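Predicted, not measured: the structure shown is a model, and the values here were computed from it. Just so it is clear: chains get the letters A, B, ... in the order the sequence lines come, proteins before strands, and each one is counted from 1. Reckoned from all heavy atoms, side chains included, excluding hydrogens, waters and symmetry mates.
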There are 2 protein chains.
Amino acid sequence: MRTTYDHVVLIRDLSWLLELGDAGHVTEAAATIGTSQPTLSRALARLEDELGVRIFERLPTGVSPTPEGEIVIEAARDLVARHDLLVAALTHRLDPDSGMVRLAFLDSMATTLVPRLLRAFHAQAPGIKVVLSQEPTHHIHRDLDRGVVELGLTMDRAEGHAWLPVRRERLVVVVPPGHRLRHRKRVGLAELADDELVTTPAGFAHRALVDGLLADAGISPTISFESADLATIEGLVAAGLGVAVVPEAFAGQSGSVGLALSSPGATRTIGLTWRTDRPLAPPAQRLVDFVRGQGWDD
Amino acid sequence: MRTTYDHVVLIRDLSWLLELGDAGHVTEAAATIGTSQPTLSRALARLEDELGVRIFERLPTGVSPTPEGEIVIEAARDLVARHDLLVAALTHRLDPDSGMVRLAFLDSMATTLVPRLLRAFHAQAPGIKVVLSQEPTHHIHRDLDRGVVELGLTMDRAEGHAWLPVRRERLVVVVPPGHRLRHRKRVGLAELADDELVTTPAGFAHRALVDGLLADAGISPTISFESADLATIEGLVAAGLGVAVVPEAFAGQSGSVGLALSSPGATRTIGLTWRTDRPLAPPAQRLVDFVRGQGWDD
DNA sequence: CGTGATCATACGTCGTACGCATGGTTGCAC
DNA sequence: GTGCAACCATGCGTACGACGTATGATCACG
């Protein structure tokens, strides 16, 4: 019911006003704008009514701004310019050549997958800025849902999210330098039944993965330490505090010994994931397309 | 038919956006604004659609701005502020205590009536700026019609204009220092039948006034010189180039001799005039009221 | 004194914003 | 776990208002 507002001014009307100021004729300006003369005539009347001042004086030869009109036109120029600036800023963000994409990934990818992926992507799309954040899996999904990031790199696909495999990494067993199995090239997980295990806390994707492998092997080792960080886990193993199952790239970093696993399914698959309930912004879409085109799964 | 425009953004929607950003809840912001929750919800959707970006992420606990939304909100704050600034500037102009009024008047009033009038008005309304312009009568009427000035001081009331008498000035005859009538206190216009007359060009209000007086007296003197400026005319008379009929105040300024006229109607009435097809701005109205209240006609 | 150009307005149509009521989700409490 | 409460989105009917076409009123110019 209420139709009396303080700020109903249309930005469009203001931009029409500028055209009108330049043209000096309602008819001519309307043609330039691409509307009818009465429509522009009424848009002007509407603005004058809302602002409470006469903006243009009507003369037999056209229209001419009143002193108040000069003020309004100057302000309109400013407002329209700032609106255009806003649109430009948003467009720039969405421009597939110059925009920005936010990517969240797991700590365990920070030194391996992510740098290689981004180096290749940056070479192809140098204008796109990639904002990175390292987070646990559940934070990644939350941030995806909240729009804080457009893309995530995870090991699991969540409900309602697209998921594109990027790379499969072999998992290895790491043991301390003095461990009984240290000279083996290849071990079966079942051989670790009596070892103490260092792994990630419950709730982490890596933990679920390792638990699955252990269950398949029919063992459930004692867990000595838990850490969210795979590099830390490798360090604990190197210090003799247990054994662990980690991605190949983490083996040996601080002195642990990596042993290949005999089970062929001992891999973790990392995938790009994003919301599907609304279309991706162009820069994010471009990164997805890049991954899809590269065939990063080797 | 097409109602798809580039710039349809409502300033009002932007100000709603600010409220929404502060509140963090659609329902709460809608209540603060004084509208319904669905209306605000759809205003937000409208803006997001027009700008092509998601501004707020919907969470079960309320809404939270997306990174793009932060940009939009910042721009909206700017746009709304500048709109308010515009409204304030216009309001200030219209404020009866601090506004502005433009007054056009005739050259022949510049040294007599206008200074006295404005001194008195300024004492009563010190905040109002009066912008003055001196113009011929027909320019005054044109500028009134075109909105260049709000008020005029003229000797005639034009069609469709209000006219309020301000002051009646006596007209006198001025003659050169050596003129045969120079010692007379009072003369009749008929006595000037054989003199050469200096007056204003045809089309000037003063000319029409003098012509009328001469016709009443039954004479039509030869015109030796014409000038639009009464001070110049008085100077020409002082130099012996003829006689003239001018307002009392101009007599003797550069050596001419002023003689009272015997005809009682030999006066010019100056009045304040303005357009009546739309209401006067408050500052102008205040000047009109001042004149009306003072009873300047003496 | 007509003629053309100007802007304003009457009119019918149609889009759309409004409020009310309802629906779908989600977090929280018990 | 299971209801409960809070949140935002949406369907619906209404009514306002903006649109274009056509017409009117006014005025400069030839």
Legend entry - A:Asp289 and A:Arg286: CA distance, side-chain angles, deciding distance, salt bridge (charged side-chain N to carboxylate O under 4.0 Å, His left out) verdict: CA-CA 5 Å; A:Asp289 293 343; A:Arg286 182 150 176 188; over 6 Å; no
Legend entry - Integer-rounded Å distance: D:dT10 C1' and B:Arg46 CZ: 15 Å
Legend entry - Separation of D:dC19 C1' from A:Leu40 CG (nearest whole Å): 13 Å
Legend entry - Atom pair distance, as rounded to whole Å: CD1 in A:Ile55 and P in C:dA8: 12 Å
Inset, instruction - Salt-bridge test for B:Asp49 and B:Arg46: reply yes if a basic N is under 4.0 Å from a carboxylate O, no otherwise. - result: no
Legend entry - Between C1' of D:dG17 and CD of A:Glu50, the distance in whole Å: 12 Å
Inset, instruction - Identify which nucleotide among C:dC7, D:dA18, C:dA17 has an atom closest to any side-chain atom of A:Ser41, counting heavy atoms from C-beta outward. - result: C:dC7
Inset, instruction - Identify the two heavy atoms, one from A:Val80 and one from A:Ile11, that lie closest to each other, and give their separation to 0.1 Å. - result: CG2-O, 4.2 Å
Legend entry - Between P of C:dT6 and CD of A:Glu57, the distance in whole Å: 18 Å
Legend entry - All ring pair (Phe, Tyr, Trp, His ring centres under 6.0 Å) counterparts of A:His141, not counting sequence neighbours: A:His161
Inset, instruction - Apply side-chain contact (heavy atoms from CB on, under 4.5 Å) to A:Ala76 and list each qualifying residue two or more places apart in sequence or on a separate chain. - result: A:Leu14, A:Leu17, A:Leu18
Legend entry - Side-chain N or O of B:Arg42 closer than 4.0 Å to phosphate OP1/OP2 of C:dC18: no
Side-chain donor-acceptor pairs of residues 87-94 of chain B under 3.5 Å, sequence neighbours excluded:
| residue | atom | partner | partner atom | Å |
| --- | --- | --- | --- | --- |
| B:Thr91 | OG1 | B:Val87 | O | 2.6 |
| B:His92 | NE2 | B:Ser98 | OG | 3.3 |
| B:Arg93 | NE | A:Glu68 | OE2 | 3.3 |

Inset, instruction - Would you mind reading off the distance between A:Arg12 atom CZ and D:dC19 atom C1', rounded to a whole angstrom? - result: 10 Å
Inset, instruction - Can you tell me the distance, in whole Å, between the CG atom of A:Leu59 and the P atom of C:dA5? - result: 18 Å
Legend entry - Any B:Ile140 side-chain heavy atom under 4.5 Å of B:Leu106 side chain: yes
Inset, instruction - Spell out protein contact along nucleotides 21-30 of chain C as letters: B when the base is contacted, S when just the sugar-phosphate is, - when no protein heavy atom is under 4.0 Å; keep the 5' to 3' order. - result: B----SS---
Legend entry - Selected nucleotide, minimal atom distance to A:Ser36 side chain, candidates D:dT21, D:dA18, D:dC8: D:dT21
Legend entry - Stretch residues 18-31 of chain B: residues that reach within less than 4.0 Å of DNA chain D through a heavy atom: B:His25, B:Val26, B:Thr27
Legend entry - Contacts of type side-chain contact (heavy atoms from CB on, under 4.5 Å), residue A:Glu70, not counting sequence neighbours: A:Pro65
Legend entry - Shortest non-hydrogen separation from B:Met109 to B:Leu153 and the atoms involved: CE-O, 3.5 Å
Inset, instruction - Please report, rounded to the nearest Å, how far the P atom of D:dA18 is from the CG atom of A:Leu47. - result: 11 Å
